[in-house]
Chemist: 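Please find one structure pasted underneath; my questions will follow.
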Amino acid sequence: MIEVQGVSHQIGKMPILSDITLRLPMGKLTALIGPNGAGKSTLLSLTGRLMPLQAGQIRVDGSDIGTTDTRALAKQMAILSQSNPLGSRLRVRELVSFGRWPHHQGRPGPRDAAEVEQALHDMDLTPLADRFLDALSGGQRQRAFIAMTLAQGAEWLLLDEPLAALDMAHARGVMARLAGLRDAGRSIVVVLHDINHAAVWADHIVAMKAGRIAAEGPPSQVCTAEVLGTIYDMELRVMQVEGKPLVLHHL
């Protein structure tokens, strides 16, 4: 379980998060949703220790992220941020291999190689494994970074907008793969802008607005016209399709 207690964050004098307290369930796929500027990416970055905590505490499976050894934390939690710098002469397989560093510390073995090949396969990248990153499309590069995160083999996966730049087929494929990892016992937290992906694939949804938690619970509770309309400040319709909420906006 990830426990967030009293976390606030600001940039300059501008508040980004205000006294966030929540628990993210273990062994579930949790989606963070909300309008731009709601604080979703900041919360994920703080949880993944990409940014220093200014106030409050975050614990992952009982371990305080502020005091946990970096290598131990990397085995426990893998994070994909929105901003991923590219090495122009880096090949796809080389990038994905970086995910194994916390395990082998520069001395990769057969298991590391197998995990890399599995991640390439899962993200439909095996035919592109020897291509340079700057020769890929934006969506292909995004899948390569997701594969690097998967190869890390961490118990927790934190993904910030992993579907950005992906076409419909690959977006569905990524969500299906994450659901499969969840079913195999991994714990996943993902920032999503597409509410319908959250409604279909997530077990638990945390909806944010203006740096606060606006709603939290299963899709059936959060993905209603009333709740989402308040969060996004627009009139929405919600239909049921095969037992899942489908969110539509009025023209």
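What you see below is based on every heavy atom in this structure, not just the backbone, and it leaves out hydrogens, waters and symmetry mates.
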Chemist: Just to verify, which of Arg107, His103, Arg100 counts as forming a side-chain hydrogen bond (donor to acceptor under 3.5 Å, both in side chains) with Asp112?
Modeler: Arg100
Chemist: Of all the heavy-atom pairs spanning Leu166 and Pro162, show the shortest one and how long it is.
Modeler: CD1-O, 3.5 Å
Chemist: Do Leu43 and Val206 make a side-chain contact, defined as non-hydrogen atoms from C-beta onward lying under 4.5 Å apart?
Modeler: no
Chemist: Val189 versus Leu32: any side-chain heavy-atom pair under 4.5 Å?
Modeler: yes
Chemist: Is there a side-chain contact between Val7 and Thr21 (heavy atoms, below 4.5 Å)?
Modeler: no
Chemist: My understanding is that only residues two or more places apart in sequence, or in another chain, count here; which of them pass side chain to side chain contact (heavy atoms under 4.5 Å, CB included) with Ala147?
Modeler: Val96, Ala119, Met123, Leu125
Chemist: Taking the hydrophobic residues Ile, Leu, Val, Met, Phe, Trp and Tyr, and joining any pair whose side-chain heavy atoms are under 4.5 Å apart, which ones share a cluster with Val238?
Modeler: Ile33, Ile195, Ile205, Val222, Val227, Leu228, Ile231, Tyr232, Met234, Leu236, Val247
Chemist: For Pro35, does its backbone N or O pair with a side-chain atom of Lys40 as donor and acceptor, under 3.5 Å?
Modeler: yes
Chemist: Applying side chain to side chain donor-acceptor pair (under 3.5 Å), run through Gln76 and Glu155 and close with a yes or a no.
Modeler: CA-CA 5 Å; Gln76 192 175 19; Glu155 298 172 10; 5.1 Å; no
Chemist: Using a 3.5 Å cut-off and no angle test, enumerate the donor-acceptor pairs between side-chain atoms of residues 8-16 and protein atoms at least two apart in sequence or in another chain.
Modeler:
unit_1 : atom_1 : unit_2 : atom_2 : d
Ser8   : OG     : Asp19  : N      : 2.8
Gln10  : NE2    : Gly12  : O      : 3.0

Chemist: Which heavy atom of Thr47 sits nearest a heavy atom of Met77, and at what distance?
Modeler: O-CE, 3.2 Å
Chemist: Who pairs with Glu94 by salt bridge (charged side-chain N to carboxylate O under 4.0 Å, His left out), at least two apart in sequence or on another chain?
Modeler: none
Chemist: Looking only at atom types and distance, does a side-chain atom of Arg89 sit under 3.5 Å from a main-chain N or O of Leu133, one as donor and one as acceptor?
Modeler: no
Chemist: Which pairs with one or both residues in residues 198-212 pass side chain to side chain donor-acceptor pair (under 3.5 Å), sequence neighbours excluded?
Modeler: Arg182-Asp203, His204-Glu216, Lys209-Asp233
Chemist: Which residues pass the salt bridge (charged side-chain N to carboxylate O under 4.0 Å, His left out) test with Asp69, sequence neighbours left out?
Modeler: none
Chemist: Does the Gln152 side chain pair with the main chain of Ala74, one donor and one acceptor, at a distance under 3.5 Å?
Modeler: yes
Chemist: If we ignore hydrogens and angles and just use 3.5 Å, is the side chain of Gln105 paired with the main-chain N or O of Trp101 as donor and acceptor?
Modeler: yes
Chemist: With a 4.5 Å heavy-atom cut-off, do Leu73 and Arg49 have their side chains touching?
Modeler: yes
Chemist: Say whether Ser81 and Asp160, considering side chains only, have a donor N or O and an acceptor N or O under 3.5 Å apart.
Modeler: no
Chemist: I'd like to know if the side chain of Gln240 and the backbone of Leu246 have a donor-acceptor N/O pair within less than 3.5 Å.
Modeler: no
Chemist: Stepwise, does the side chain to side chain donor-acceptor pair (under 3.5 Å) test hold for Glu161 with His193?
Modeler: CA-CA 7 Å; Glu161 296 189 35; His193 272 300; 3.2 Å; yes
